[in-house]
Amino acid sequence: MTTYTDLRFPQGFLWGCGTAAHQVEGNNTNNNWWEWEQEGGHIKGGDVSGLACDHYNRFDSDFALAQELGHNAHRLSVEWSRIEPEEGRWDMKEVDHYRKVMESLHRHGLVPMVTLHHFTNPIWLERMGGWSNPRSVDLIARFSGFIAKELGDLVPYWFTINEPMVIVVASYIAAEHPPRQQDWSAAMTVSRHLLQAHGAMYRAVKESTTHNPLVGPVHNMPYIEPYDPDSEHDRNAAALADLLMNEYFLAGIDTGTVGPPAGQGEEVAGLKGAWDFIGMNYYSRHRMAHDRPIDPAGLPPPDAELTEMGYEVFPEGFYRQLARLKKYAPPVFVTENGLSTKDDSQRCRHLLRHLAALHRAMQEGTDIRGYLHWTMVDNFEWAEGYQQWFGMVAMEPGTLKRLPRPSAYLFRDIARRNAVTAAMLREHLG
Ligand code: GCO
C-alpha cells in the first residue's frame, strides 16, 4: 500500500489555465492559420477554427467560471492580426476589446498573463515571408511595445513567443504547420530571427510601460532520449534534437548569443538576460532514432500509457526538465501541461502525477511560481482541428455551453487548498 503525504505549494503560487486567441476566440480571420484552414486538406476532420469557443464574446462568463473553479491566474494571447490588421495601422476597437478582457480578468480575481505571439502571423506579415523575413524582428517588437503601452497598467506578466522551436520544427522541418516547408537552412534562419525577436520584444515591453512588467519566453521542453541508448547514431540524433528543441533558445537568452545549431556564437544586442522568468511547457518524452522519420508522438515504448494524440504520459520527464532549469537564474512558470483524452479520469491521474513531479523538482531547488494547465475548455487544436480534447471543461456542440468535467473540480480543490492532498492521491492513484 503506497503511503502518500500532502504536497503543499508556496504562498502566492499561481493556478490557472493556458489558452491562445486563435484556438478559443472565434472568427480570427486575418491570419495565416485562418487562410491555411480555408485551403482544405490540412486540418483533421476537415475542420476550420470558425467560431472556436466564441471566447471573443464569452470571455466574461469564461473568467467567472475560471474563478468558480478556483483559478487565480489566466494565460491568454492577444491576436496581432486583430490589433495591427495592416502593417502600421492600429485597430483601436480591438485594443479596447482587449482592455475589456483584461479588466474582466481583474474583476474575477485572475492575474493576466499575456502571450504576444501564439503561432499565428498577420496575413500581411505572412505575405512578406513571415519569420523568414528579418524585418519580422522589428515588426513584432513594435507591436509588442504598442500593446504593452496600451495595456501595461493591467498586465503584470508578458510572454513573448509561444514555443519558438515548435514553430521552427512544425513549420520549417516537419511541414505540419504553415508555411509547411522542409528546409533546414530556412529553419536555422527562422531560429535566429525568433531568438532576436524575443530579445527585441523583451526590451520593447520593458521600455513601453512604467508598470514594471515581467517578461519571459514560453519554451516547450520535451524530454528527449535516444530510442536505442546503445546506438551511437541514436545518441547523436537525440543530442541534436535536444540542442535544437531545448538548449538553443535558453542558452541564447542566457548568453546573449546565437549558438549552435543556428549560429556560431554571434552576439545579439540586448538579448543577454532578457528574461524575468522562464515559461515552460511540458507534454511528453520523445525518443529519437537516427534511421526513422521524426515521429510527432516521439516513438513511445510499446507498454507506455498514451494520450488521445498518441503521446506518452511521462511525468518523470517533467521532473527532469524542471530540474534542468535550475541552472538558469530566473524563476519558472509552468505555462502548459495537460493531455488530450476522452477519459477524464485519465486527466485526473495525469494532473496529480505531474503536480507530484513538479513538487519534487521544487523541493530540489527549482523556483517554480505557478502552474497553468493546458487547457480550460476543449478548443481548436491546430492541425488536429476539434478532434482532440484538452479541456477540463467540455463544450456542448451547438450551444457551446461550458460543461466542467470532474478534473475541473479536482483542479479547483487543489488550487483552493494550494496543495495536492494525500487523500486526492489515494483516491485517484490507488
Ligand atoms: C502547443 C501550443 C498549444 C497546444 C497545446 C496542445 O504546445 O502546441 O502551445 O496551442 O494546443 O500544446 O497541443
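The residues of the chain are indexed from 1 along the displayed sequence. Indexing begins at 1, ligand by ligand and atom by atom, following the structure's order.
Within the 4.0 Å heavy-atom criterion, the part of N162 lying near ligand 1 is the side chain and not the backbone. Counting heavy atoms under 4.0 Å from ligand 1, residue E163 touches it through the side chain alone.
In terms of the side-chain contact (heavy atoms from CB on, under 4.5 Å) criterion, residue partners of H350 (sequence neighbours excluded) are, by chain and number, V313, N337, L339, H354. Partners of E25 by salt bridge (charged side-chain N to carboxylate O under 4.0 Å, His left out), not counting sequence neighbours, listed by chain and number: R82.
Under the 4.0 angstrom criterion for non-hydrogen atoms, M309 is not in contact with ligand 1.
Atom 9 (O) of ligand 1 has E336 OE2, 2.6 Å as its closest protein atom, hydrogens excluded (heavy atom only). E381 OE1, 2.6 Å is the protein heavy atom nearest to atom 11 (O) of ligand 1. Among all non-hydrogen protein atoms, the one lying nearest atom 5 (C) of ligand 1 is Y283 OH, 3.3 Å.
Y157 and D276 share no donor-acceptor pair across their side chains, judged by distance under 3.5 Å alone.
Figure legend: R369 and F277 shown without cation-pi pairing, the cationic atom not lying both under 6.0 angstrom from the six-membered ring centre and within 45 degrees of its axis.
A salt bridge is absent between E103 and R107; no separation between the charged side-chain nitrogens and carboxylate oxygens falls under 4.0 Å.
Taking every heavy atom of Q23 and a limit of under 4.0 angstrom, the matching atoms of ligand 1 come to 3 (C), 10 (O), 11 (O).
In this structure, F59 and H55 have perpendicular ring planes: the angle between them is above 60°, well past the 30° mark.
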